[in-house]
A.B. asks: 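One structure coming up, written as structure tokens, with questions to follow.
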Amino acid sequence: MHSANHWGGSFEIYNGAAESTTDDEKSRNMEWDKAALQPQRHHLDETQQSWLLYRQETKKKKYVDFGCIACSHRALKWTLYAFVFAVLVILLPTVLAKTLPKHRSKPSPPDNYTLALHKALLFFNAQKSGKLPKNNGIPWREDSGLQDGNGSDFSKLGLVGGYYDAGDNTKFHFPMAFAMTMLSWSVIEYSQKYEAIGEYKHTRDLIKWGTDYLLLTFNSSASKIDKIYCQVGGSQNGSRQPDDHYCWQRPEDMDYPRPSRAVNAGSDLAGEMAAALAAASIIFRDDEVYSKKLVRGAETVYAFARDLGKRQPYSRGKPYIEPFYNSTGYYDEFIWGATWLYYATGNVNYIRWATEPGFSKHSKALYRISDLSVLSWDNKLPAAMLLLTRCRIFLNPGYPYEEMLHMYHNKTELNMCSYLQQFNVFNWTKGGMIQLSSGRPQPLQYVANTAFLASLFVDYLNATRVPGFQCGSKFIPLDVLRSFATSQINYILGDNPMKMSYVVGYGTKFPRHIHHRGASIPNDKRSYSCTGGWKWRDSPKPNPNNITGAMVGGPDRFDRFRDVRKNYNFTEPTLAGNAGLVAALSSLTSSGGIGIDKNRMFSAVPPLYPPSPPPPPAWKP
């Protein structure tokens with residue numbers, strides 16, 4: 001194929017010796033030659049011009065041709081400026097933000113309730129019995145009680161473990177179980193707060209330490225039992241024999257007999273243990289094996305509680321129990337234990353028992369008796385009714401439970417009304433503490449428990465957008481009840497006439513002479529005998545070991561407090577008291593947000609109504 005020759009001349013190479021061609025070929029060659037020799041008139045394009053050796057004038061264009069788009073120089077210039085600006089203003093800061101080290105702003109400091117909660121939980125570490133974990137965190141505590149329960153017929157471990165109750169070295173299982181229930185309840189309701197302050201795992205470990213021990217106190221592998229161990233150690237009033245009260249020794253130095261006491265009847269003890277194990281099973285639902293073990297144990301001890309032949313208070317006729325943790329009844333534990341088992345299993349038999357009118361009648365739950373509106377290790381009625389009110393508020397199960405649930409809901413509101421000073425149900429000290437124990441000593445445990453119930457009820461109503469409740473004809477906004485709860489915990493933390501925090505280690509002024517054997521005896525690697533420790537009991541010097549987080553018994557009805565070690569009514573802490581304090585603090589702290597986890601409590605509860613049937617198939621002619 002040929003193309004025009006713009007350079008002139010022929011493409012042919014002349015060869016004189018070549019043979020002459022045909023006339024047609026000559027004619028064509030002549031035509032090619034003429035075309036090649038003719039001067040070119042057309043305009044060369046820019047590429048061709050650039051091949052020339054001489055300069056050729058070109059006209060400057062006012063636009064730039066990109067092939068598919070043509071734009072003016074001015075538009076191109078401003079487009080480039082805009083691109084550079086975008087890089088500098090948008091892209092560059094983004095790159096720098098991702099590559100430069102980040103300087104995060106410090107989180108807001110924890111509130112006072114969070115600070116107190118950290119400390120209150122440490123008290124349980126100080127009360128542990130048995131072989132302690134390496135991370136127990138209490139430097140003056142070591143392994144103790146390793147021979148407890150030798151000869152127990154339920155476990156090779158005997159009764160090693162659990163918690164010492166107070167300033168002595170006795171393990172009372174009734175208040176210990178109540179303490180574990182309260183800790184579990186607070187974690188179920190406020191798990192997000194425990195996680196936010198870094199105490200969720202710690203508190204779970206504390207609960208498991210208690211429930212592991214409670215499972216040792218009866219034959220948890222059996223479906224039916226006839227005996228429960230209720231106590232390890234202890235003494236009788238006025239005893240002059242070496243025991244937990246006569247001796248003043250660190251738990252690590254105990255060398256006196258520590259009998260294990262068992263009961264063959266005791267619906268109150270069994271009902272509280274069922275509540276503790278069932279509540280803990282909800283927390284440990286992520287550990288299916290352990291959770292089922294707890295549920296099985298709870299069902300076993302609750303069956304023991306309901307056995308007609310075993311229905312009597314566990315402390316009746318027991319001189320080593322009655323002066324310390326005497327139970328006044330067991331029908332409240334019937335309701336309390338059944339409610340927790342319903343939430344743990346979803347078995348409707350338990351809510352049927354929890355709303356059994358006979359249990360309500362015998363427990364006097366609906367009577368207007370002020371003492372019965374005060375939560376304690378002995379009286380679970382206000383807590384059980386609040387827990388069932390939760391069921392009504394969020395699940396509304398209807399018939400056949402609605403009648404009793406409605407009455408419990410009304411009684412719960414009456415309880416809340418009774419806590420408010422304006423209704424004059426309870427006496428108050430001039431310094432602002434409600435007297436829930438009728439002026440009896442060690443009032444703070446009742447104050448903490450009641451503050452928790454009030455704060456929790458507020459959160460229940462807030463979760464359903466209910467702004468308040470009725471006290472007779474008077475409407476009470478929720479912030480009034482919340483203010484009651486905060487005022488009582490603030491009193492415990494130092495807002496009182498003594499200007500003293502009643503929680504050891506919180507604030508700058510707190511009790512220093514705690515009635516506590518382990519805290520009052522120096523950890524100097526010396527073993528002190530039963531009576532050799534008396535010099536530390538009677539010493540006017542502050543305790544050598546601070547038992548951080550311990551809430552003491554509290555002031556008298558005149559707001560006076562005596563920081564004296566031998567006066568246990570003022571200065572002795574208890575397991576049950578601290579559990580109530582932990583629960584109240586967890587409800588009031590703003591760390592992790594405000595409000596409860598509505599659904600975790602009901603995770604095992606199936607729908608109360610049958611599912612709607614599927615629609616009928618489409619009609620076909």
Side-chain angles (χ1 to χ4, degrees), residues 154-155 159 161-162 173-189 204 206-230 263 265-307 310-311 314 327 330-356 359 377 380 383-384 387-388 390-391 579 600-606:
F154 301 146
S155 169
L159 295 171
H173 301 168
F174 189 45
M176 186 193 302
F178 172 72
M180 295 304 104
T181 310
M182 290 293 286
L183 288 182
S184 294
W185 191 4
S186 71
V187 172
I188 293 168
E189 301 284 14
R204 273 174 52 119
L206 294 177
I207 294 167
K208 190 173 186 298
W209 189 270
T211 53
D212 282 350
Y213 178 77
L214 292 177
L215 289 170
L216 300 177
T217 63
F218 65 97
N219 188 358
S220 58
S221 63
S223 58
K224 186 174 182 179
I225 58 174
D226 59 3
K227 178 170 68 173
I228 300 175
Y229 282 97
C230 64
V263 293
S267 297
D268 39 13
L269 172 65
E272 183 56 66
M273 288 176 60
L277 298 174
S281 75
I282 299 173
I283 294 173
F284 290 99
R285 199 154 277 151
D286 57 344
D287 183 347
E288 185 177 359
V289 173
Y290 188 63
S291 181
K292 287 183 176 180
K293 183 178 182 181
L294 292 171
V295 168
R296 187 167 58 250
E299 292 183 316
T300 298
V301 288
Y302 194 76
F304 177 95
R306 292 187 63 250
D307 190 325
K310 305 183 185 306
R311 293 190 179 186
Y314 87 108
S327 174
Y330 51 80
Y331 282 100
D332 55 329
E333 280 84 15
F334 276 165
I335 302 171
W336 178 240
T339 304
W340 278 113
L341 271 164
Y342 173 62
Y343 289 147
T345 65
N347 186 335
V348 294
N349 284 328
Y350 290 116
I351 192 172
R352 180 168 59 83
W353 291 327
T355 55
E356 169 62 42
F359 290 172
W377 52 264
K380 319 301 165 37
L387 205 56
L388 288 168
R390 188 191 210 279
C391 179
R600 188 174 188 181
M601 183 76 79
F602 304 132
S603 55
V605 177

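As the structure is a prediction and not an experimental result, all values here were calculated from the model. The residues of the chain are indexed from 1 along the displayed sequence.
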A.B. asks: Do Lys380 and Ile335 have side-chain heavy atoms sitting under 4.5 Å apart?
C.D. replies: no

A.B. asks: Report yes or no: does Ser184 contribute a side-chain atom to a donor-acceptor pair with the main-chain N or O of Thr181 at less than 3.5 Å?
C.D. replies: no

A.B. asks: With a 4.5 Å heavy-atom cut-off, do Thr211 and Tyr290 have their side chains touching?
C.D. replies: yes

A.B. asks: Would you sort out whether Arg311 and Phe334 count as a side-chain contact (heavy atoms from CB on, under 4.5 Å), showing the intermediate values?
C.D. replies: CA-CA 10 Å; Arg311 293 190 179 186; Phe334 276 165; 3.7 Å; yes

A.B. asks: If you measure from CG on Leu387 to OH on Tyr342, what distance do you get to the nearest 0.5 Å?
C.D. replies: 11.5 Å

A.B. asks: Measuring only between side-chain heavy atoms, which start at C-beta, is Ser221 closer than 4.5 Å to Asn219?
C.D. replies: yes

A.B. asks: Would a 4.5 Å heavy-atom cut-off, applied to side chains only, mark Glu299 and Thr345 as touching?
C.D. replies: yes

A.B. asks: I'd like to know if the side chain of Thr300 reaches the main chain of Ala222, judged simply by a donor and an acceptor atom lying under 3.5 Å from each other, with no hydrogens or angles considered.
C.D. replies: yes

A.B. asks: Minimum heavy-atom separation for Asp268 to Glu333, with atom names?
C.D. replies: O-CG, 3.3 Å

A.B. asks: Return yes if some donor-acceptor pair links the side-chain N/O of Ser291 with the main-chain N/O of Glu288 below 3.5 Å, else return no.
C.D. replies: no

A.B. asks: Does the pair Val295 and Lys292 meet the rule for a side-chain contact (heavy atoms from CB on, under 4.5 Å), with working shown?
C.D. replies: CA-CA 5 Å; Val295 168; Lys292 287 183 176 180; 5.5 Å; no

A.B. asks: Distance check, rounded to the nearest 0.5 Å: Asp332 atom CG versus Tyr330 atom OH?
C.D. replies: 11.0 Å

A.B. asks: Any heavy-atom pair between the side chains of Trp340 and Leu277 that's under 4.5 Å?
C.D. replies: no

A.B. asks: Minimum heavy-atom separation for Met273 to Thr217, with atom names?
C.D. replies: CE-OG1, 3.0 Å

A.B. asks: Is any side-chain heavy atom of Val187 less than 4.5 Å from a side-chain heavy atom of Ile282?
C.D. replies: no

A.B. asks: Looking at every heavy atom in both Tyr302 and Gly337, which two are closest together, and how far apart are they?
C.D. replies: CE1-C, 3.9 Å

A.B. asks: Before accepting this row, confirm whether a basic side-chain N of the pair Lys208/Asp287 lies closer than 4.0 Å to the acidic partner's carboxylate O.
C.D. replies: no

A.B. asks: For the residue pair Cys230 and Val263, what are the closest heavy atoms and their distance?
C.D. replies: SG-CG1, 3.8 Å

A.B. asks: So for atom NZ, which belongs to Lys310, do other residues, nucleotides or ligands contribute more than 12 heavy atoms lying within a distance under 6.0 Å?
C.D. replies: yes

A.B. asks: Can you check whether Ile283's main-chain N or O pairs, donor with acceptor, with Arg600's side chain at less than 3.5 Å?
C.D. replies: yes

A.B. asks: Is there a side-chain contact between Ile188 and Tyr343 in this structure, where contact means two heavy atoms from C-beta onward sitting under 4.5 Å apart?
C.D. replies: no

A.B. asks: For the CZ atom of Arg204 and the CZ atom of Phe284, what is their distance to the nearest 0.5 Å?
C.D. replies: 5.0 Å

A.B. asks: Trp209 and Gly161: which non-hydrogen atoms are nearest, and at how many Å?
C.D. replies: NE1-C, 4.3 Å

A.B. asks: Which heavy atom in Leu183 sits nearest to a heavy atom in Ala579, and how many Å separate them?
C.D. replies: CD2-CA, 4.3 Å

A.B. asks: Counting only N and O atoms by type, is there a donor-acceptor contact under 3.5 Å from the side chain of Arg285 to the main-chain atoms of Ala344?
C.D. replies: yes

A.B. asks: Can you tell me how far CG of Asn349 sits from CD1 of Ile351, rounded to the nearest 0.5 angstrom?
C.D. replies: 11.0 Å

A.B. asks: Is there a donor-acceptor contact under 3.5 Å from the side chain of His173 to the main chain of Leu269?
C.D. replies: no

A.B. asks: Considering only heavy atoms from C-beta outward, does the side chain of Phe218 approach that of Phe304 to under 4.5 Å?
C.D. replies: no

A.B. asks: Using the ring pair (Phe, Tyr, Trp, His ring centres under 6.0 Å) rule, take Phe178 and Phe174 through it: C-alpha gap first, then chi angles, then the decisive distance, then the call.
C.D. replies: CA-CA 7 Å; Phe178 172 72; Phe174 189 45; 8.3 Å; no

